[in-house]
Amino acid sequence: MEPARLIEGWIMTLFLEVMVVFTVAILPQIAATIFISRDPAYLESLSPGKRSISSLIGFVAYIVLIVYVAANRPGGLSSVGLTFTARPAPISILVAATLTAYLLLIFLVGRLRSKEVQQRRETLRRSVFEAGGFSKFKSLPERCAYLIGLWTGVIAEDLVYRGYLVLGLASSTGILWPWIILSMTLSVVIHLYQGRDPRLMLGQAVFALLFIGAVVVTGSVIAAIIPHLAYDTIWFLRGWAIDDKVSMAQPLSEGR
């Protein structure tokens, strides 16, 4: 076959692959962010069960799509960072452990800040919690179901935005930085439903870069998934604990 036709076939195959991933796994999240931004009360209107089930189904679909796409690539699953070979394992574990420790340190350092700074940060955290309607998950079964969906979502997000968009497209095109910028930008965009405070957007961009860096250094998406899971889980557990504390204090204050 002529080289020109080979290149044309490669471009067409890559284009179709990218379009499928964007259409199935990225555009719906962008559309949802736009819709929720226009109707902030939408998430509050959904029952905890419906939210957990619908999220879980969607995230599982994203994971299955990326695994299928990667399995049909020349590099296989390793092309999107799903590598389990012995050689990079120690590096991946070290990077994942270091990044996890750094992210968890954020919670500890926050306790050492001045009361004024803590109050500002708590106000920002509360705005995110309210925007996402997370306070509606009150019972233990509801919260456990949401956490399962959350963990699945973290895996799906890292596979799509770090595994495919960065490692996958870099391996296909031979360039890296455009995909890092695209991945970081989209990571910020899909979280805009939480609010458009510049601090939130900057935080999302920094987190995205940290996770991208971990994946690029190790060649394994697992190096991003582990710290991502740890941080998000603690953030939600802490948020619900604060909610419960406030709920318990309200009846006492009303009874006085």
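Both backbone and side-chain heavy atoms feed into the values below; hydrogens, waters and symmetry mates do not. As the structure is a computational prediction, the values presented were derived from the model and not from experiment.
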Do [X] and [Y] come within less than 4.5 Å of each other through their side chains, counting heavy atoms only?
| X | Y | value |
| --- | --- | --- |
| Leu209 | Ile180 | yes |
| Tyr68 | Val20 | no |
| Glu17 | Arg73 | yes |
| Asp158 | Val215 | no |
| Leu210 | Leu103 | yes |
| Tyr161 | Leu186 | yes |
| Tyr62 | Pro28 | yes |
| Leu104 | Leu108 | no |

Note to self: Could you see if Leu65 belongs to whatever hydrophobic cluster contains Leu27? Use Ile, Leu, Val, Met, Phe, Trp, Tyr and a side-chain cutoff under 4.5 Å.
What the structure shows: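 Leu65 clusters together with Leu27.
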Margin query: Hydrophobic clustering (ILVMFWY, side-chain heavy atoms < 4.5 Å, transitive) - are Met201 and Ile181 grouped together?
Written below: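 No: no chain of side-chain contacts under 4.5 Å links Ile181 to Met201.
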Notebook entry, point to check: Is the number of heavy atoms from other residues, nucleotides or ligands within 6.0 Å of CZ (Phe107) greater than 12?
Noted result: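 Result for CZ/Phe107: enclosed.
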Mind listing the closest non-hydrogen atom pair of [X] and [Y] along with its distance?
| X | Y | answer |
| --- | --- | --- |
| Val18 | Leu169 | CG2-CD2, 3.7 Å |
| Tyr193 | Thr33 | N-CG2, 3.5 Å |
| Ser187 | His191 | O-ND1, 2.6 Å |
| Leu176 | Ala170 | CD1-CB, 3.8 Å |
| Ala131 | Leu43 | O-CD1, 3.6 Å |
| Phe134 | Val128 | CE1-O, 3.8 Å |

Note to self: Hydrogens and angles aside, do Arg120 and Ser114 bring a side-chain donor and acceptor to less than 3.5 Å of each other?
What the structure shows: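 Looking only at side-chain atoms, Ser114 and Arg120 do not form any donor-acceptor pair under 3.5 Å.
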Next item on the list: Measure up the Trp240 and Phe236 rings against each other and bin them: parallel (under 30°), tilted (30 to 60°), perpendicular (over 60°).
Entry: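 Tilted, since the angle between the ring planes falls between 30° and 60°.
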Check: Once the angle between the rings of Tyr146 and Phe137 is folded into 0 to 90°, is it parallel (under 30°), tilted (30 to 60°) or perpendicular (over 60°)?
Finding: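 If you compare the ring of Tyr146 with that of Phe137, the planes turn out tilted.
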Margin query: Please check this pair: side chain of Thr233 against backbone of Ala230, looking for a donor-acceptor N/O pair closer than 3.5 Å.
Written below: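 Looks like no, no N/O pair under 3.5 Å.
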Check: Between the main-chain N or O of Lys138 and the side-chain N or O of Glu142, is there a donor-acceptor pair closer than 3.5 Å?
Finding: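 Yes: the side chain of Glu142 pairs with the backbone of Lys138.
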Checklist line | Worked verdict on Phe59 versus Trp151 for ring pair (Phe, Tyr, Trp, His ring centres under 6.0 Å) | finding: CA-CA 9 Å; Phe59 292 140; Trp151 297 332; over 10 Å; no
Next item on the list: Please assess Arg143 against Asp244 for the test salt bridge (Lys or Arg N to Asp or Glu O under 4.0 Å), listing each intermediate value before the final yes or no.
Entry: CA-CA 12 Å; Arg143 291 175 178 178; Asp244 291 343; 2.9 Å; yes
Notebook entry, point to check: Looking at Trp179 versus Tyr164, is the centre-to-centre ring distance below 6.0 Å?
Noted result: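 No, the ring centres sit 6.0 Å or more apart.
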